Amino acid sequence: RHNYWASKGVVSPPALPFIGHMKYFVIGQRWISLNKFYRELRNHKFYGLYEFFNPVLVITDPKLLKHILVKDFEHFVDRRRFGDQEGSIMTEMLGNKSGEEWKDLRAVMTPTFSSGKMRSMFHLICEKADNLVSFSLKNAVNNRPVDMKDMFGRFTMDTIASCAFGIECNSLSDSKPVFADKAGQFFNFHGLKALKMTFMIVLPKLYNFLGFKVDDPQIEFFANLSKKNIELREKGERRGDFLDLLLEAKASENDIRPGKKVFGEQTLVAQSVLFLVAGYDTTASALAFSVYNIARHPQYQHQLRQELQELVKEHGSINYQGIMEAKYLDAVLMETLRLYPPATVGERMCTKQYKIPGTDLILNPGNLIQFPMWSIHHDPQYWPEPKEFKPDRFLPQNRGSIISFTHMPFGMGPRNCIAMRFALMEAKVALAQLILATELKLAPGHEKLEFEDSPFLMRPKGGVMLLLTPLKKE
Ligand code: HEM
């Protein structure tokens with residue numbers, strides 16, 4: 001039954017009996033295993049793989065990706081659906097919705113992430129970034145190495161708790177708040193849990209048939225917390241955060257999608273939980289990778305600090321406009337996300353029959369498409385010296401030579417990361433405050449960056465250990 005691709009004339013690497021190419025899903029770092037195929041089949045615009053007997057088409061050609069992700073998006077609206085269990089929080093999350101339901105919810109939620117709305121949340125993030133700097137420096141006394149992945153995890157946790165749940169989590173302290181503890185348990189994707197999640201994603205029907213629950217106990221904890229805070233907001237409390245904005249979205253659903261009931265009983269709660277699930281670890285890893293790069297390259301660290309000091313001189317402090325104007329800060333983050341995209345593989349599902357342009361290959365509804373972002377980001381034909389950290393590639397004067405659809409850390413097209421603006425603002429504020437306050441150096445013995453084995457997210461293994469030296473305020 002591994003003849004599907006051969007019968008369509010699509011090249012496919014040898015598959016193992018029964019499991020197909022699943023070995024690469026379960027063992028090691030999936031992006032490295034997938035890169036082996038990418039390199040071997042570099043003359044092909046796409047190739048076929050199998051998850052057990054389920055065919056997956058891997059698209060590597062940027063021009064073709066532009067068709068699939070943008071021009072012909074109507075044929076590829078969905079991702080694979082998992083966690084689809086009646087009454088579950090997971091089912092109600094935007095990332096898991098399909099077809100018209102997804103379109104309606106995305107349309108109603110999109111204004112929540114406008115630049116105006118981001119500006120209104122800026123002060124909440126600045127507060128958390130100040131705590132990040134103080135707590136990191138407190139941990140760095142006596143030249144003690146500090147695990148910056150841990151620090152950024154606490155920062156993104158506090159930010160999301162504040163912005164999406166309306167609570168003060170205070171994980172940037174020596175205590176271990178319940179919220180942080182539950183999130184820690186939820187994000188522990190190792191051993192049996194990783195296997196269970198892979199099972200849920202790859203064989204969702206069997207998973208449900210065997211009676212496994214899709215909502216972890218931690219998800220239920222977050223959902224209950226969110227429900228309580230929504231009740232308070234409905235009584236009139238306001239903080240200018242996502243909860244307020246989602247309530248506004250709910251109130252205006254009829255203006256944006258006339259005659260449609262987009263928000264059900266659990267929709268709002270589910271999006272708060274989704275923001276935690278999608279935004280906590282991705283942003284913390286992106287930040288940890290960024291400081292690793294900056295610490296490793298003192299010349300770039302110096303250049304970045306100079307840019308930020310000039311912005312402070314001009315604007316009086318780190319404000320929204322300054323952060324948005326900081327070109328070098330943006331370049332550092334973009335180059336980090338090229339080298340280490342937290343989400344390494346993207347996915348779409350064919351929803352309407354589609355003929356791949358320039359070929360006779362017909363895709364049918366239900367066929368899965370994947371785009372190997374990590375491999376494309378490391379391809380020397382698009383990125384000379386792909387392993388090198390060179391932020392200048394992303395400076396305005398050099399951006400023109402970047403080929404479209406070869407840099408996609410937030411995905412692409414109408415189904416890209418809805419929170420990209422928020423994530424970038426959050427990461428930029430944290431980096432800016434840190435660079436202005438401390439000199440960063442790699443801790444001796446921690447010069448090499450390693451990665452956790454993972455089928456899902458790219459995360460630094462053993463953290464990112466740095467030495468922090470406080471800088472005198474000018
Ligand atoms: C550096 C941080 C982040 C990275 C690298 C990242 C990356 C991604 C990627 C690659 C996707 C899939 C896009 C596609 O299929 O084309 C995605 C989707 C999504 N992300 Fe993010 N993300 C980040 C932070 C966040 C944050 C902070 C939130 C929430 C506050 C968030 C919420 C979402 C949601 C809701 C979706 C699903 C969108 C949909 O299906 O319509 N992400 N993200």
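All values derive from a computational prediction rather than experimental measurement. First listed ligand is number 1; within each ligand, the first listed atom is number 1.
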Any salt bridge between [X] and [Y], counting N to O under 4.0 Å?
X	Y	result
Glu335	Arg393	yes
Asp158	Lys128	no
Lys228	Glu231	no
Arg154	Asp147	no

Could you verify whether a donor N or O on one side chain and an acceptor N or O on the other, from Gln218 and Gln185, lie under 3.5 Å apart?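 Yes, Gln185 and Gln218 have a side-chain donor paired with an acceptor closer than 3.5 Å.
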
Any side-chain donor-acceptor pair under 3.5 Å between Gln303 and Glu307?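 No.
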
Would you please determine whether [X] falls within less than 4.0 Å of ligand 1 on a heavy-atom basis?
X	result
Gln271	no
Pro409	yes
Tyr280	no

Please report the interatomic distance NE2(His377) to OG1(Thr344), rounded to the nearest 0.5 Å.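 Here the interatomic distance stands at 10.5 Å.
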
Contacts of Tyr340 that satisfy ring pair (Phe, Tyr, Trp, His ring centres under 6.0 Å) - sequence neighbours left out: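 Ring pair (Phe, Tyr, Trp, His ring centres under 6.0 Å) check on Tyr340 returns Phe289, Phe451.
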
Looking at ligand 1, does any of its N/O atoms fall within less than 3.5 Å of an N/O of [X]?
X	result
Thr283	no
Glu347	no
Glu426	no

Per-residue contact class, [X] against ligand 1 - non-hydrogen pairs under 4.0 Å:
X	result
Arg415	both
Arg79	side chain
Leu69	neither

For the pair Phe76 and Tyr354, name the ring-plane relationship: parallel under 30°, tilted 30 to 60°, perpendicular over 60°.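 Rings of Phe76 and Tyr354: perpendicular, as their planes differ by over 60°.
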
For Tyr47 and Phe37, take the angle between the two ring planes, folded into 0 to 90°, and tell me which bin it lands in: parallel under 30, tilted 30 to 60, perpendicular over 60.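 Rings of Tyr47 and Phe37: perpendicular, as their planes differ by over 60°.
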
From Tyr300, Trp383, Tyr328, residue fulfilling ring-ring contact (aromatic ring centres under 6.0 Å, His included) relative to Phe394: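 Going through Tyr300, Trp383, Tyr328 one by one, the ring-ring contact (aromatic ring centres under 6.0 Å, His included) with Phe394 is satisfied by Trp383 alone.
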
Numbered atoms and elements of ligand 1 in range of [X], under 4.0 angstrom, heavy atoms:
X	value
Trp102	39 (C), 40 (O), 41 (O)
Arg106	38 (C), 39 (C), 41 (O)
Arg348	14 (C), 15 (O), 16 (O)
Met412	16 (O)

Could you enumerate the protein N, O or S atoms under 2.8 Å from atom 21 (Fe) of ligand 1, written like residue then atom name?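 Near atom 21 (Fe) of ligand 1, the protein supplies Cys417 SG.
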
Count the heavy atoms of every other residue, nucleotide or ligand shown that sit under 6.0 Å from NZ of Lys260, and state whether that count exceeds 12.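 Enclosed.
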
Run the side-chain hydrogen bond (donor to acceptor under 3.5 Å, both in side chains) check on Asp379 and Gln381 step by step: do they pass? CA-CA 5 Å; Asp379 188 331; Gln381 62 173 315; 3.3 Å; yes

Considering only non-hydrogen protein atoms, determine which one is nearest to atom 35 (C) of ligand 1 and report residue, atom name and distance to 0.1 Å.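 Of every protein heavy atom, Leu274 CD2, 3.4 Å lies nearest to atom 35 (C) of ligand 1.
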
